[in-house]
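By convention in this document, chain letters (A, B, ...) are assigned in the order of the sequence lines, proteins followed by strands, and residues within each chain are numbered from 1.
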Protein chains: 2
Amino acid sequence: MSATIKDVAKLAGVSVATVSRVLNDLPGYSEETRIRVMNAVAELRYQPNAIARGLVNKRTQTIGVLFPSVSSAFSSEILHGIEEAAQEQGYSVVVCNTAEDGKRTKKYLQVLREKQVDGIIYSSGVLKEEYHQTLQAMAIPVVLVATKSEYADIPYVKVDDHQAAYDACAYLIRRGHRRIAMIGGPAHDVIAGEPRIAGFRAALADHGLPPDEAPVLDGRFIFAGGCEAAEELLRQAPEVTAVFAAGDEMAIGVISTAARLGIAVPAQLSVIGYDNLKLAEMCYPPLTTVAQPLAEMGRLAAAKLIARIETGQPEASEILPHQVMERGTVSTRE
Amino acid sequence: MSATIKDVAKLAGVSVATVSRVLNDLPGYSEETRIRVMNAVAELRYQPNAIARGLVNKRTQTIGVLFPSVSSAFSSEILHGIEEAAQEQGYSVVVCNTAEDGKRTKKYLQVLREKQVDGIIYSSGVLKEEYHQTLQAMAIPVVLVATKSEYADIPYVKVDDHQAAYDACAYLIRRGHRRIAMIGGPAHDVIAGEPRIAGFRAALADHGLPPDEAPVLDGRFIFAGGCEAAEELLRQAPEVTAVFAAGDEMAIGVISTAARLGIAVPAQLSVIGYDNLKLAEMCYPPLTTVAQPLAEMGRLAAAKLIARIETGQPEASEILPHQVMERGTVSTRE
DNA sequence: CTGAAAGCGCTTACAG
DNA sequence: CTGAAAGCGCTTACAG
């Protein structure tokens, strides 16, 4: 078995209290004892037991992160940012894939509670009232990333979806496009669906284009959905010269579909995406898209959570800047 | 504060030992007490404290996973499989991004030890002697995924890299290609570099093609590297009709570069990748590639680790089948 | 069937 | 500057 604090105390000829003090940099021992203790630690290759420590401190130095899907490029970039910030601050992160399933989510929340995590990050998706209640019962800090909620006690970090969609559409208009379509998420999705559609329409209206005539299809935020929607769009509204796809995977779907149908991008059809996944630079032509700083969002969410854990002070929500990344899929029209 | 086992014992009018028994489904109490206890549990919304339990059981029901990069598509698919299997068996997974940095890796190993994880999965990359030693000192089960090692006590689950590369090359030959190049990883990479290059050359040789004349470039397994290598290749060996890129990101780089240079894929240049990331289906034409069952590898690695943890029996290594996925980037030559 | 008690490996008043 | 002791929330022989 591994050495315990008792073993080092015995070897150093001091009490465990003293060992604990030097290990935790607390005051109260002579330089000589410090050295004796450190020698014993080294000799026994002693490593503290974080579980025992956690039991008395009521702190585990670990946070839980809930994703609707861990394998998506979107989630992995956020996770990357979270992991980075957490590790810098000495926290571990346990990943939970809810698969957008209520039962799994509840199950995970329970596990996280039993494991006494110090805080939770909830990513992309609606924080249901039900979850909020159990979170409240757990009485631990929570922060939202790439989503938001009405609950005042839960800060979020995200981009302004309405404005980002507005800017994507305005960009297309500025480049001379007039017949613009959108492929977005489900209209009833209050986080990433509705606001982007509204932003898109607002941009149209502000530029004197009839917002209700523009086709808006649902691509479910996935590649296949983008392909299907593009196919339908191209059939029903061939006059469209540009499409705003509210997710890069869908945008790539549009590009693939156009290529398959012999429609040149951007010469015949312009496409602007949303997210700026690594994917966006890997297609040809490289995808013009409105960037969300995903890793940064993850980092900031983790930083806020940890600050909340350690200071107890409430943290403010934050809207991070988005940015249209001009690449190769939008052409200029006269 | 949350209720503890003492609270429920008091409310149920029994001892904590009895509460513990019913909670853990151990024998030794009447139906009546069981009900009294369960009622108290419900009334107090009692949740056991896994940290306290872990301290006495010496089991935390959590495993650590080390990745060289958490945000890569490759790692996320493996992670997805691991998370799934782990969650089914009641284990949590903490993710560690080593960033291929020795110091971070050592740091993480130490943290995982202090947090008393029950086992560790080490993904893709060489398990250095140094790591092996600290792992040995920790005395906990380890399994390797998408990599392997010489250490008999550490099982691995991966694909046969040599054979997979061989099959990719043989596929190209079968489709009529004779002037074939490879874009692989660093030749000194014993896991994913050298074996694939050797497999590629073996296939050439077995089919009567001079293996040493075929260009083999290093694309560092990344998109940019694939682009650079493709550019150099196309300049230096324009006679090449097909390239085997030993990683999908690199393959996509080849396709992008070809498109940029006006070289038609697959009409003028055929490309076969390696991995079968989700990416592979998202480009146009969709990428022909040799598939590794990444999620399955993750699942199996987790299953082996957990079996090892729970039974104490050693687990065998496993080579999973690969498969060439015929899609749209390889043409047939006469 | 049930409970008192020891113990898991730490931290932290408290007393000196 | 230092140690004895209590306690964190559980589990598990042991005794009855």
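Contacts of B:D25 classified as side-chain contact (heavy atoms from CB on, under 4.5 Å), with partners at least two apart in sequence or in another chain: B:Y29.
Between the CG atom of B:D25 and the C1' atom of D:dT12 there is a distance of 16 Å, rounded to whole Å. A straight line from CG of A:L23 to P of C:dT12 spans 13 Å, rounded to a whole angstrom. Atom C1' of nucleotide C:dA6 and atom CG of B:L55 are separated by 13 Å, given to the nearest angstrom. To the nearest angstrom, C1' of C:dG9 lies 9 Å from CD of B:Q116. Spacing between atom NZ of A:K6 and atom P of C:dC10 amounts to 10 Å, rounded to whole angstrom units. Whole-Å rounding puts the B:E114 CD to C:dC8 P distance at 20 Å. Atoms CD (B:Q61) and C1' (D:dT11) sit 14 Å apart, rounded to a whole Å. Separating the CZ atom of A:R113 from the P atom of D:dC10 is a distance of 11 Å, rounded to the nearest angstrom.
Of the side-chain N and O atoms in A:N24, none sit less than 4.0 angstrom from OP1 or OP2 of C:dC10. Neither OP1 nor OP2 of C:dT11 sits under 4.0 Å from any side-chain N or O of A:K58. One finds no side-chain N or O of A:T4 lying less than 4.0 angstrom from the OP1 or OP2 phosphate oxygen of C:dC8. At D:dC1, none of the side-chain N or O atoms of A:T18 fall inside 4.0 Å of OP1 or OP2 (strictly under the cut-off).
The side chain of A:S20 has C:dT11 as its nearest neighbour among D:dT11, D:dC1, C:dT11. Closest to the side chain of A:Y29, from the set D:dC10, D:dT2, D:dT11, is D:dT2.
For B:T33 and B:A52, each mapped to the nucleotide of DNA chain C holding its nearest heavy atom, the one lying further toward the 5' end belongs to B:T33. Residue whose closest nucleotide on DNA chain C sits further toward the 5' end, between B:V56 and B:S15: B:S15.
Interface residues of residues 40-48 of chain B facing DNA chain C, ordered by number: none; criterion, heavy-atom separation under 4.0 Å.
Contact of the B:I309 side chain with the B:Y91 side chain is registered, since non-hydrogen atoms from C-beta on lie closer than 4.5 Å.
Between the side chain of A:S75 and the backbone N or O of A:S72, no donor-acceptor pair lies under 3.5 Å.
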All N/O contacts under 3.5 Å from nucleotides 13-16 of chain C to the protein, with atom names and distances to one decimal?
from	atom 1	to	atom 2	distance (Å)
C:dA13	N6	A:R21	NH2	3.4

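Nucleotide C:dA13: unpaired (no Watson-Crick or G-U wobble partner with both distances less than 3.5 Å).
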